[in-house]
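Here's the structure we're looking at; comments come further down.
Convention: sequence-line order gives letters A, B, ...; per-chain numbering from 1. The figures here come from the full heavy-atom set of this structure, side chains too, leaving out hydrogens, waters and symmetry mates.
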Protein chains: 2
Amino acid sequence: MKLYEFTQAPNPRRVRIFLAEKGVEVESVQVDIVGGENLADEFKAINPRGVLPTLVLDDGTVIDESPAIYRYFELTHPEPPLMGTDAASQAYIASVERHMEFDGIQAIGDVFRNSNPAFATRRKTGQSGDASIEGLVEQGRVGVERFFDSLNARLADSEYVAGDTFTIADITALCAVDFAKWIRMPLGDGREHANRWHASVSARPSASA
Amino acid sequence: MKLYEFTQAPNPRRVRIFLAEKGVEVESVQVDIVGGENLADEFKAINPRGVLPTLVLDDGTVIDESPAIYRYFELTHPEPPLMGTDAASQAYIASVERHMEFDGIQAIGDVFRNSNPAFATRRKTGQSGDASIEGLVEQGRVGVERFFDSLNARLADSEYVAGDTFTIADITALCAVDFAKWIRMPLGDGREHANRWHASVSARPSASA
């Protein structure tokens, strides 16, 4: 089994933290997104979508997209559960994890990719030829502020993002908040609940994975 | 339990087809997205994210995002399995289903929302105030053609989108292809494998759910 990933990028970090929480070690291969290695023939032969992280199983099955990779390791290494237990908790955690991705990582990625000259013709992850779009930067910034406010409000009511236990929703949220530093948008001192949570999850050994 | 949905929209259809394949009936409430009911106070009090479909369980738990709702009903009604069985098939199907959403529905949605005057200030689902961005229309159209080509290539090798059985990847792909009709982008006669598949899945009773 091999995990193709890139240490600096937010989505591979989701999987690295997940694996660290499970205590699972997987052979990994670095693919330099900034340098465009994910779009080169060598990696496209492995995954034509050109995205990271990509997990290749021993039988050759290719699995990309972080939540799908989460699913694989949740089933092969059930303890500790990071995706819920019964139907309601599994579905609720899956839902909240999507909020962290769509409202958080995507908004931050819109700002990052559309304002960074290195991605001038790579607006979409895994694709070349899509020119950056200036209007997405401003709307992205508004979206990031919304995301931070919503995260703070959510954490006023619970210790972790999706309830009383640490789950994939925390992992994805942590990767989002830290990714936002790249676009110089910190959580800010005013969001006390989100700050309390961020200090707590950042202190877990998995955060440095 | 109540499912908030809108008959005309592609994402609620994903869940309707899923429920029809499972033979599950759930009380549903229509929320008119075109008319903006999903952004009105009444619905925002139920789900502040303003997105459909939204499932509310009897204990008040709110679950939005189609794959999370798929998960709930897959666990409460396991037969027939639509999300795989073992770890590898569950992860692979989750991965491919994401391709259908990200590469298909999102690209089509970019064209639809950014070119339709009804959504001039609602570029993002569930949000008001985000103005449409013209550049997303052209890039979206390129993305839709890529998606159709990739779908056709995939279906040259297998009966269904994620292998030999009908799964959530077929449901999401079907909703994408039919959503593309709204932006006048048909599959076209040349994509024979995708056409064969589309005729087959459209003939299932669930397609009219």
Euclidean distance, B/R98 CZ relative to A/D64 CG, rounded to 0.5 Å: 9.0 Å
Nearest-0.5 Å distance that lies between atom OG in B/S95 and atom CZ in A/R71: 13.0 Å
Which of A/V96, A/I133, A/I69 touches chain B most, by non-hydrogen pairs under 4.5 Å: A/I133
Contact leader toward chain B among A/E138, A/E65, A/E97, A/E134, where contacts are heavy-atom pairs under 4.5 Å: A/E65
Closest approach of [X] to [Y] (non-hydrogen atoms, all atoms of both residues):
X     : Y     : answer
B/D86 : A/L75 : O-CD1, 4.5 Å
A/I63 : B/A88 : CD1-O, 4.3 Å
B/A91 : A/Y72 : CB-CB, 3.6 Å

Which portion of A/L136 sits near chain B, non-hydrogen atoms under 4.5 angstrom: both
Residue A/F102 versus chain B: region with a heavy atom under 4.5 Å: side chain
Neighbour count above 12 (heavy atom, 6.0 Å) for A/K44 NZ: yes
Over 12 non-hydrogen atoms of neighbours within 6.0 angstrom of CG in A/D164: no
side-chain contact (heavy atoms from CB on, under 4.5 Å) between B/Q106 and A/Q106, intermediate numbers included: CA-CA 12 Å; B/Q106 283 201 357; A/Q106 283 201 358; 3.8 Å; yes
Inter- and intrachain pairs under side-chain hydrogen bond (donor to acceptor under 3.5 Å, both in side chains), touching residues 107-125 of chain B, at least two apart: A/Q139-B/R123
Portion of B/F73 that has a non-hydrogen atom of chain A nearer than 4.5 angstrom: neither
